[in-house]
> 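First the structure, then my questions, so here it is.
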Protein chains: 2
Amino acid sequence: MPSSTQRPEPPYLQIVAEIRTRILTGDLRPGDRMPSIRQIAQRWGVAIATATKVMAALRDDGLVETKVGAGTVVSACTGQTQPVGLTTPLRLRRAGAPKQALNRKQVLRTAIAIADIEGLDAVSMRRLAAELGVGPMSLYRHVSSKDELVMQMTDEVFGEPELPAPGPEGWRAKLELISRRQWELCRRHLWLPRAVSFIRPLLVPNMMAHTEWTLRALDGLGLAMTTRIREALTLHALVLTAALSMANEVEAEQETGVTLDRWWLTQRQRADELLHSGRFPLLATVIGEEVSDVNGLFEYGLARHLDGFAALVEDEARTRP
Amino acid sequence: MPSSTQRPEPPYLQIVAEIRTRILTGDLRPGDRMPSIRQIAQRWGVAIATATKVMAALRDDGLVETKVGAGTVVSACTGQTQPVGLTTPLRLRRAGAPKQALNRKQVLRTAIAIADIEGLDAVSMRRLAAELGVGPMSLYRHVSSKDELVMQMTDEVFGEPELPAPGPEGWRAKLELISRRQWELCRRHLWLPRAVSFIRPLLVPNMMAHTEWTLRALDGLGLAMTTRIREALTLHALVLTAALSMANEVEAEQETGVTLDRWWLTQRQRADELLHSGRFPLLATVIGEEVSDVNGLFEYGLARHLDGFAALVEDEARTRP
DNA sequence: TGGACAAATTGAACTAGTACACTCTTGGCG
DNA sequence: CGCCAAGAGTGTACTAGTTCAATTTGTCCA
């Protein structure tokens with residue numbers, strides 16, 4: 001269907017007008033994919049260059065946004081009122097959702113949401129992609145592997161708590177503060193400790209920020225840098241392993257409640273048998289009660305360690321005042 | 001080759017004698033598979049009933065052990081000395097090895113060997129199976145999943161160090177002893193800390209034995225059981241996280257030396273950039289030197305923690321003497 | 001006007017872990 | 001001798017992570 005060549009208006013403007021109308025009426029909604037340049041050229045029977053001009057005009061109007069290789073989508077803020085029914089949020093996140101430019105932040109947030117609710121194992125590339133309404137392979141544009149995905153999830157999460165600039169008075173209060181912040185984090189994201197045991201800490205900027213904060217908290221105590229680093233790492237370790245216990249606890253509970261795999265059932269039985277076999281008389285008296293108080297475990301480890309560190313600090317102060 | 005029928009001795013006793021000789025001379029070694037009843041019948045040209053009597057006689061002698069469906073193997077404790085040449089270890093482990101009932105121990109040892117040399121990731125079911133000369137599925141007769149394999153590997157390894165029955169004098173010496181034993185273990189098996197972060201500690205008997213030992217070491221200090229458990233777990237945590245750092249260190253080194261994946265190269269660069277970006281002035285001054293002294297890290301964490309614990313013990317002794 | 005090009009995306013295919021069902025071998029029994 | 005039950009090993013198939021080679025897209029140049 002060739003455009004009418006009678007009018008003084010050049011053909012590409014006609015096409016622009018037509019598409020603009022479709023956008024403004026809501027026929028094409030924000031986030032929807034535009035027809036590609038080649039499709040326009042073919043559909044309207046014009047040259048590719050003409051179609052290119054159409055695109056350029058629409059882009060200049062701010063109606064659409066274009067990314068090389070990825071296609072062109074209708075901009076989010078075209079100013080027109082939300083047209084015909086159906087709130088957008090409901091339609092996001094599902095397989096049939098409108099094609100929307102995928103960004104890393106979104107990927108990470110979705111992955112974290114899945115991990116929070118269903119555990120880290122539930123975060124498969126395919127599952128994540130389905131949740132975002134894209135093909136599994138598309139994810140590899142944003143993360144180079146699943147390991148990196150986990151790393152970035154960790155980074156994202158470690159960015160959550162804000163660390164007060166000067167912090168409270170005294171090194172002990174400061175160390176307790178950051179430890180508790182991290183503990184909180186692990187509570188919220190049960191997959192975190194396990195993830196941390198995979199990744200290289202050096203590649204997670206926000207984790208480094210925590211370490212840096214801790215190092216600063218140890219400033220002015222007259223300690224060697226080596227000592228300070230060791231202190232920071234040890235503290236970190238205490239939090240994470242208590243958190244790991246917590247994660248195991250919770251996971252075990254959930255399993256008991258839901259799946260009841262015969263495998264896990266067997267394992268539980270074996271564990272019980274072992275406990276009451278007489279090989280572990282001391283262990284047998286406590287398991288199941290005190291152990292499950294992971295919060296207490298965390299506080300205990302922290303207190304002991306800080307006491308020991310306090311002794312070191314005093315020592316240092318005495319020998320080199 | 002029919003047996004001489006001249007002698008008054010019934011044929012099945014002759015066969016028994018012959019096989020017994022082969023066992024005693026070491027031609028058939030403990031653990032080796034006996035010929036099956038049918039094989040005996042065919043080879044010696046006798047009826048199956050006769051062969052069955054042979055089996056029964058040998059079984060009664062305690063020379064062999066029989067399991068229905070699984071075949072008959074030479075018993076472990078036949079009392080004879082290790083005979084003729086060729087150390088067994090050399091003949092194990094290869095595809096052409098003599099058909100030997102695959103047992104769990106063997107599977108675990110092979111898996112541990114692979115993990116020690118090439119890392120835990122190299123232990124795939126297929127690889128392990130190939131190493132043992134069996135099909136991948138055969139492994140599932142002995143472990144129900146890869147997770148269980150790792151668990152049992154961990155158990156096996158934790159069984160290595162022997163824990164002295166009374167141990168040295170004083171709680172501190174005892175706690176240091178067991179911590180160092182575990183530290184040694186992690187040094188020998190770099191995959192261990194990562195494996196531990198997966199598994200449920202309660203399902204690993206030999207790990208429980210360590211905990212039990214620690215609990216006993218804390219006997220008589222007047223501490224609540226809760227406290228003792230927490231102490232044991234915390235100590236354990238300190239060892240394992242220091243070991244985890246070590247594993248990461250070593251792994252990073254190996255990667256730099258060998259593969260040099262462009263991915264890891266990129267990651268390294270990014271880490272370096274981050275370090276020197278000015279966001280982490282304190283961290284930047286130390287990374288790469290002190291951090292890599294993981295042994296120092298371990299000793300530091302241990303010392304601090306034990307100091308703190310000592311304070312607690314003293315306190316306890318003062319308030320309730 | 002048309003074709004070359006780089007970036008983004010995607011589909012087919014490969015390896016791993018694993019479930020299920022099947023075969024093969026074994027000792028035992030009538 | 002032949003059948004049986006048990007147990008070891010295997011073949012097929014499905015899901016996950018990942019690679020590689022196309023395919024699509026907007027842009028640029030002759």
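All heavy atoms count here, side chains included; hydrogens, waters and symmetry mates do not. Just so we're clear, the structure is a prediction, and the values are computed from it rather than from any experiment. Numbers restart at 1 for each chain; the letters A, B, ... are given by sequence-line order, proteins then strands.
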> Please examine the side chains of B:Thr66 and B:Met55, heavy atoms only from C-beta on, and report whether any two atoms are closer than 4.5 Å.
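No, side chains not in contact.
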> What is the distance from CE of A:Met34 to P of D:dT24, rounded to the nearest Å?
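About 19 Å, once rounded to whole Å.
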> Just how far, in rounded Å, is C1' of D:dA6 from NZ of B:Lys67?
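After rounding, the gap between these two atoms is 11 Å.
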> Which of these nucleotides, C:dT26, C:dT9, D:dG9, is closest to any side-chain atom of B:Ser36?
C:dT26
> Is there side-chain contact between A:Glu156 and A:Met153, with at least one heavy-atom pair below 4.5 Å?
no
> Specify the separation, in whole Å, of atom CG of A:Leu139 and atom C1' of C:dA8.
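Rounded to whole Å, this separation is 13 Å.
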> Return the value, rounded to whole Å, for the distance between atom CZ of B:Arg33 and atom P of D:dA8.
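In whole Å, D:dA8 P lies 10 Å from B:Arg33 CZ.
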> How would nucleotides 11-16 of chain D be written as a contact map, 5' to 3', with B for base contact, S for sugar-phosphate-only contact and - for no contact, using protein heavy atoms under 4.0 Å?
B----B
> Would you mind classifying the nucleic acid contact of A:Arg59 as base, sugar-phosphate or nothing, using non-hydrogen atoms under 4.0 angstrom?
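Contact class for A:Arg59: sugar-phosphate only.
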> Could you go through the side chain to side chain contact (heavy atoms under 4.5 Å, CB included) check for B:Val150 and B:Val123 one step at a time?
CA-CA 9 Å; B:Val150 174; B:Val123 182; over 6 Å; no
> Mind checking side chain to side chain donor-acceptor pair (under 3.5 Å) for B:Ser197 and listing every partner two or more places apart, or none if nothing turns up?
A:Ser197
> Roughly how many Å is it from CZ in B:Phe198 to P in C:dG17, rounded to a whole number?
13 Å
> Just checking B:Arg38: base, sugar-phosphate only, or nothing, at a heavy-atom cut-off of under 4.0 Å?
base
> Please work out if A:Ala49 contacts a base, only the sugar-phosphate, or nothing of the nucleic acid, heavy-atom cut-off 4.0 Å.
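Contact class for A:Ala49: base.
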> Toss me the dot-bracket line for DNA chain D: Watson-Crick and G-U wobble, both under 3.5 Å, 5' to 3', using | for pairs to another strand and [ ] for crossers.
||||||||||||||||||||||||||||||
> Mind checking whether B:Met34 and B:Val73 have side chains closer than 4.5 Å, heavy atoms only?
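SC-SC contact between B:Met34 and B:Val73 ruled out.
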> Could you tell me the separation between the CE atom of A:Met55 and the C1' atom of D:dT24, rounded to a whole number of Å?
13 Å
> Should A:Val196 and A:Leu244 count as side-chain neighbours, where that means a heavy-atom distance under 4.5 Å?
no
> Under 3.5 Å, is there a donor-acceptor pair between the A:Gln14 and A:Glu18 side chains?
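Note: A:Gln14 and A:Glu18 side chains miss the donor-acceptor criterion.
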> Closest approach to the side chain of B:Ile37, judged atom by atom: which nucleotide of C:dG27, D:dT27, D:dA8 is it?
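From the listed options, C:dG27 comes nearest.
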> State whether B:Ser138 places a side-chain N or O below 4.0 Å from either non-bridging phosphate oxygen (OP1 or OP2) of D:dT10.
yes
> Counting only heavy atoms not in A:Asp121, do more than 12 sit closer than 6.0 Å to its CG atom?
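Atom CG in A:Asp121 is not crowded, with 12 or fewer foreign heavy atoms closer than 6.0 Å.
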> Which distance, rounded to the nearest 0.5 Å, do you find between the CD1 of A:Ile48 and the NZ of A:Lys53?
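Atom-to-atom, A:Ile48:CD1 and A:Lys53:NZ are 15.0 Å apart.
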> Rounded to the Å, how far apart are A:Glu148 CD and D:dG17 P?
15 Å
> Which sits closer to the 5' end of DNA chain C, A:Ala47 or B:Asp121, going by the nucleotide each is nearest to?
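Of the two residues, A:Ala47 wins.
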> Measure the shortest side-chain to side-chain distance between B:Glu65 and B:Thr72 over non-hydrogen atoms and say whether it is less than 4.5 angstrom.
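Sidechains of B:Thr72 and B:Glu65: no contact.
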> Round to the nearest Å and state the distance from A:Ile48 atom CD1 to D:dC28 atom P.
15 Å
> Between B:Tyr140 and B:Thr72, just flag the one whose closest nucleotide in DNA chain C comes earlier from the 5' side.
B:Tyr140
